[in-house]
Amino acid sequence: ARFEVKLYDARTLAEIGSLNAPSFQISPIAFSYDGAILAAGGGFFGWPKDTHEIRLWDMTQRQPLLVLKGHTSNVASIAFSPDGKILASGSADSTIRLWDIAHPEEQVILHHTDEVWSVAFSPDGRTLASGSWDHTVRLWNVADYREKGVLDHPGGVSAVAFSPDGTLLASGVWTGG
């Protein structure tokens, strides 16, 4: 199988290129805030040959930059810190990995008790929110990676997002039916 990332001019909607991702089912995708790096998470539920990798491309050259390996199941969500130095990834392996882009071999692993479906940094970059199928949103202090708090939910959490000013946190929750 062959997969690729398609690139479009957002003003004209013209296709302007693509990035090759051979044998790599793309699920989440995210730009760094400055647009210099594009990240794509690997793994799609039910796909037989998932790699569970995250691929990064240098967008100035449109060339591969890094392949991040460590998750043992599908990568469901990725987010860059506002300063672009850290990439957070949430996975069906119940972990969040925080990758230092300058030193990708150095990663911090945070845990939920079930699949992690969403990760988001606060606008100031000090807090990471993670939403999980364990019915929680967890807030993490990015400076020391300690848990700041847990928000219990009536079902699995599939999405988290901060408002642009950082004063609100929204979560999407599956409540059955």
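Bear in mind the structure is a predicted one, so any value in this text is a computation, not a measurement. What's counted below: heavy atoms across the whole structure, side chains too, no hydrogens, waters or symmetry copies.
The minimum heavy-atom distance linking Gly70 with Arg97 is given by the pair O-NH2, 2.9 Å. Looking at every heavy atom in both residues, Val160 comes nearest to Ala129 through CG2-O, 3.8 Å. Residue His111 comes nearest to Thr95 through the heavy atom pair ND1-CG2, 3.7 Å, listed as atom of the first residue, atom of the second, then distance. For the pair His52 and Ser73, the tightest heavy-atom approach, listed with the atom from each and the gap, is ND1-C, 3.0 Å. The heavy-atom pair separating Gly41 from Val75 by the smallest distance is CA-CG1, 4.0 Å. Minimum interatomic distance between Leu68 and Pro104 (heavy atoms only, all atoms of both residues): CD2-CB, 3.5 Å.
Remark: Ser158 engages no residue in a side-chain hydrogen bond (donor to acceptor under 3.5 Å, both in side chains) (not counting sequence neighbours). Applying the side-chain hydrogen bond (donor to acceptor under 3.5 Å, both in side chains) test to Lys85 and every residue at least two apart in sequence or in another chain returns nothing. For His153, the side-chain hydrogen bond (donor to acceptor under 3.5 Å, both in side chains) test picks out Ser171, with sequence neighbours left out. For Ser89, the side-chain hydrogen bond (donor to acceptor under 3.5 Å, both in side chains) criterion is met by His71, Trp99, not counting sequence neighbours. Shown here are the salt bridge (charged side-chain N to carboxylate O under 4.0 Å, His left out) partners of Arg11, two or more places apart in sequence or in another chain: Asp9. Here Asp93 pairs with nothing under the salt bridge (charged side-chain N to carboxylate O under 4.0 Å, His left out) rule; sequence neighbours left out. Under the rule for a salt bridge (charged side-chain N to carboxylate O under 4.0 Å, His left out), the partners of Lys69 that lie at least two apart in sequence or sit in another chain are Glu53. Under the salt bridge (charged side-chain N to carboxylate O under 4.0 Å, His left out) criterion, Glu106 pairs with no residue, sequence neighbours left out.
At a threshold of 4.5 Å between side-chain heavy atoms, the hydrophobic network of Ile, Leu, Val, Met, Phe, Trp and Tyr places Trp57 and Ile29 in one connected group. Note on Trp117 and Leu151: separate hydrophobic clusters, where clusters join Ile, Leu, Val, Met, Phe, Trp and Tyr whose side-chain heavy atoms are under 4.5 Å apart, directly or indirectly. Cluster membership for Leu87 and Leu66, using ILVMFWY side-chain heavy atoms within less than 4.5 angstrom, is shared.
For the atom pair Leu65 CG and Leu38 CG, the distance stands at 10.5 Å (nearest 0.5 Å). Atoms OG and CG, from Ser81 and Asp124 in turn, are 11.0 Å apart once rounded to the nearest 0.5 Å. Separating the CG atom in Leu169 from the OG1 atom in Thr127 is a distance of 9.5 Å, to the nearest 0.5 Å. To the nearest 0.5 Å, the span separating OH on Tyr8 from CD1 on Ile16 amounts to 10.5 Å. Taking OG from Ser91 and CD from Glu115, the interatomic distance works out to 8.0 Å, rounded to the nearest 0.5 Å. Remark: Asp83 CG to Ser32 OG distance equals 10.5 Å, nearest 0.5 Å.
Through direct or relayed side-chain contacts under 4.5 Å between Ile, Leu, Val, Met, Phe, Trp and Tyr, Val150 connects to no other residue. If you chain together ILVMFWY residues whose side-chain heavy atoms come under 4.5 Å of each other, Leu13 ends up in a group of its own. If you chain together ILVMFWY residues whose side-chain heavy atoms come under 4.5 Å of each other, Leu168 ends up in a group of its own. Within the hydrophobic cluster formed by Ile, Leu, Val, Met, Phe, Trp and Tyr side chains joined at under 4.5 Å, directly or through other members, Ile96 is accompanied by Ile86, Leu98, Val108, Leu110, Val116, Val119, Phe121, Leu128, Trp140, Val142, Tyr145.
Of the N and O atoms on the side chains of His112 and Ser130, at least one donor lies less than 3.5 Å from an acceptor on the other residue.
Counting heavy atoms from C-beta on, the side chains of Pro123 and Phe162 come closer than 4.5 Å. Taking the side chain as every heavy atom from C-beta outward, Val5 and Arg55 never approach each other to under 4.5 Å.
A salt bridge links Arg138 with Asp134; the closest basic N to acidic carboxylate O contact falls under 4.0 Å.
Looking at Asp144, its side chain does come within 3.5 Å of a backbone N or O of Arg146 through a donor-acceptor pair.
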Please determine whether side-chain contact (heavy atoms from CB on, under 4.5 Å) holds for the pair Leu139 and Glu147, giving the CA-CA distance in whole Å, both sets of side-chain angles, and the decisive distance to 0.1 Å.
CA-CA 6 Å; Leu139 299 170; Glu147 191 175 87; over 6 Å; no
